[in-house]
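Below: the structure, in structure tokens.
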2 protein chains.
Amino acid sequence: MGTTQLENVPEPKYWHLKTVLVDALDSEFEVGEILPNERDLAARFGVARATLRQALEQLELEGRLQRRRGVGTTVAPPRMGVSVGPSSGSWPGATGDAWRTVGCVEAAAPAAVADVLGTDADEAVHTVRRVRSMGGQSVATELLYVPRASVPGLPGDLTPADHAPAVLRELHAVELDGDDRAVELGSARAEDAKQLDRLPGAAVLVVTTRYFSGGRVAAVAVATYRADTCRLTFGDSGAMEITHHGQERHAAAS
Amino acid sequence: MGTTQLENVPEPKYWHLKTVLVDALDSEFEVGEILPNERDLAARFGVARATLRQALEQLELEGRLQRRRGVGTTVAPPRMGVSVGPSSGSWPGATGDAWRTVGCVEAAAPAAVADVLGTDADEAVHTVRRVRSMGGQSVATELLYVPRASVPGLPGDLTPADHAPAVLRELHAVELDGDDRAVELGSARAEDAKQLDRLPGAAVLVVTTRYFSGGRVAAVAVATYRADTCRLTFGDSGAMEITHHGQERHAAAS
DNA sequence: CAGTGGTCTAGACCACTCA
DNA sequence: GAGTGGTCTAGACCACTGC
């Protein structure tokens, strides 16, 4: 037959929608500009709102859009480059680091963390919560787990206000042999989402850092970064520090 | 009034569903076991299929589930730890690295890449495509961009089969000053998705590596890793290499 | 209060895998 | 061809923001 198989693999509508929207974003919109609302956009493209939303969700995941309930959808600025190490041989909480301590409790760590620390699953560890801000917005939250055995000199009677500083101070007295990092995709738990100004379940990059001392894991930090707004940079080697503020975005051909 | 505000913040159904499913996964299912189909699950929980799917999607994103069209939904194994550097001062394609070269073309790089390389937007660069496998499945694809200026000794007449090896060979003759990495969230383009055995749009971790030589960026690699199955590890410092094969998963309390 | 994005429903059809 | 997940629709209501 003469059928030339023009479109045997019709791509999904939301996928095509995405490319149309990306083109529009690149050519007709400025950063911070507000898009028409979802109902209007869906009508304009002749699709159901759910389909339009599927496209918007992916674009938000890719850091191209920012949506806020009750407000609207805006064009997002390029992702920020956030340095996550190596820490050049220093403990967290060293003077001048990018984190702000917001509290500290003593409680059992999650099973996965206790596993890495080598502590018992129900053993209480110092848990310091910290927040990292850049450009006026919170980009990450962190839980730093420090077993009691790693800070033997810590006094027993501490006011809540003194707890976190004391743990960090004791930590700095320990010799740090090195550290180790892993990055994976996660979704924000309710508590983290709140501090990151996102909804629960939002995509986050989870950075797990192991701090070694005396051949053991002396502390573990689990940091969750907003995946929509952050690009994590690992400044290995003594190479130049270019901050890459490209005018263009990822726009590879399919 | 005596109303004690029992549930002023009703969490979404899909969110609650997720926690129920995670508990079930942890207690009643084995890795690789196949779940009931979506229509049955939705009926069992008394929700619409779309709502059930919203929960499954997040669990798949978190690497807890694996869904395959025409087959079913299975319980995923823990994420693989994949080492992504630092490269200990060696170029890509060194003997013994984890990648398999699948082709090489000479074409204009995406704008974002040309920006980093410092080449003209329409300047053709050598583009080597590679694939990384672990445990019998493809976990990442990579495009390595090498400007002509970085491999001046490359002969002009190359068969397609010789192209990639020749580029890598020339590269190895260049002195490598250091490298640099950034990680961000992306979604798989059609071509990458195919090689990763995922659907287009699947969540991926994009690792951008800059290779420095002579004070310039001599090459750039853009690698996309399956976000559902991979945990990227950065083995900084000479610290011990623990491969962390925890029996327990992330299970932090809300 | 009007307008926004977030959640949810109850269907339908399609693309794919495998027996 | 039966059964699976993937896409899509046309509604509805809710939670939140800001005027």
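Nothing here was measured: the structure is a model prediction, and the numbers come from that model. Labels below follow one simple rule: chain letters A, B, ... track the order of the sequence lines, proteins then strands, and each chain is numbered from 1.
Between H16(B) atom NE2 and dC8(C) atom P the separation is 12 Å, expressed in whole Å. Distance Q54(B) CD to dT9(C) P: 10 Å, rounded to the nearest Å. With rounding to whole Å, E11(B) atom CD is found 18 Å from dC14(D) atom P. Residue L56(A) contributes atom CG, which lies 14 Å from atom P of dT7(C) at whole-angstrom precision. Summarising the geometry, the separation between CZ on R69(B) and P on dC16(C) is reported as 5 Å, rounded to the nearest angstrom. Between the CG atom of L41(B) and the C1' atom of dG6(D) there is a distance of 16 Å, rounded to whole Å. As rounded to whole Å, 18 Å separates atom P of dC14(C) from atom CD of E38(B). Atom-to-atom, CG of L199(B) to C1' of dT7(D) comes out at 11 Å; the value is rounded to the nearest Å.
Residue N37(A) has a polar side-chain atom (N or O) positioned under 4.0 Å from OP1 or OP2 of dT4(C). The shortest distance between the side-chain N/O atoms of T73(A) and the OP1/OP2 oxygens of dT4(C) is not below 4.0 Å.
Using a distance-only test at 3.5 Å, with no hydrogens or angles considered, a donor-acceptor pair links the side chain of E60(B) to the main chain of R67(B). Using a distance-only test at 3.5 Å, with no hydrogens or angles considered, a donor-acceptor pair links the side chain of T233(B) to the main chain of V82(B).
Side chains of Q66(A) and T74(A): a donor-acceptor N/O pair is absent below 3.5 angstrom, by distance only. Using modelled atom types, one finds a donor on one side chain and an acceptor on the other under 3.5 Å when comparing R129(B) with Q195(B).
For dG3(D), the base has no donor-acceptor partner in the side chain of R39(B) [N/O atoms by modelled type, under 3.5 angstrom].
Checking V71(A) against W15(A), the closest nucleotide of DNA chain D that is more toward the 5' end is the one next to W15(A). Comparing G70(A) and P200(A) by the nucleotide of DNA chain C whose heavy atom lies nearest to each, the residue mapping closer to the 5' end is G70(A).
The listed nucleotides are dT4(D), dT4(C), dA10(C); the one nearest the side chain of A48(B) is dA10(C). Closest to the side chain of K13(B), from the set dG6(C), dC8(D), dC8(C), is dC8(C). Here the side chain of R67(B) is nearest to one of dG6(D), dT17(D), dT9(D), namely dG6(D). Here the nucleotide nearest the side chain of R49(A), chosen from dT9(C), dT7(C), dA15(C), is dT7(C). Nearest to the side chain of T51(A), among dG5(C), dT9(D), dG5(D), sits dT9(D). Comparing dA12(D), dT7(D), dT9(C) by their nearest atom to the side chain of R53(B) picks out dT7(D). Comparing dT7(C), dG6(D), dA15(D) by their closest approach to the side chain of P12(B) singles out dT7(C). Among dT9(C), dC16(D), dT7(D), the nucleotide with an atom closest to any side-chain atom of Y14(A) is dT7(D).
At a threshold of 4.0 angstrom between heavy atoms, the contacts of R68(B) are confined to the sugar-phosphate backbone, with no base atom among them.
Put simply, CZ on R68(A) and CG on D197(A) are 7.5 Å apart, with the number rounded to the nearest 0.5 Å.
Ring pair W99(A)/Y225(A) is perpendicular by interplanar angle, where above 60° counts as perpendicular and below 30° as parallel.
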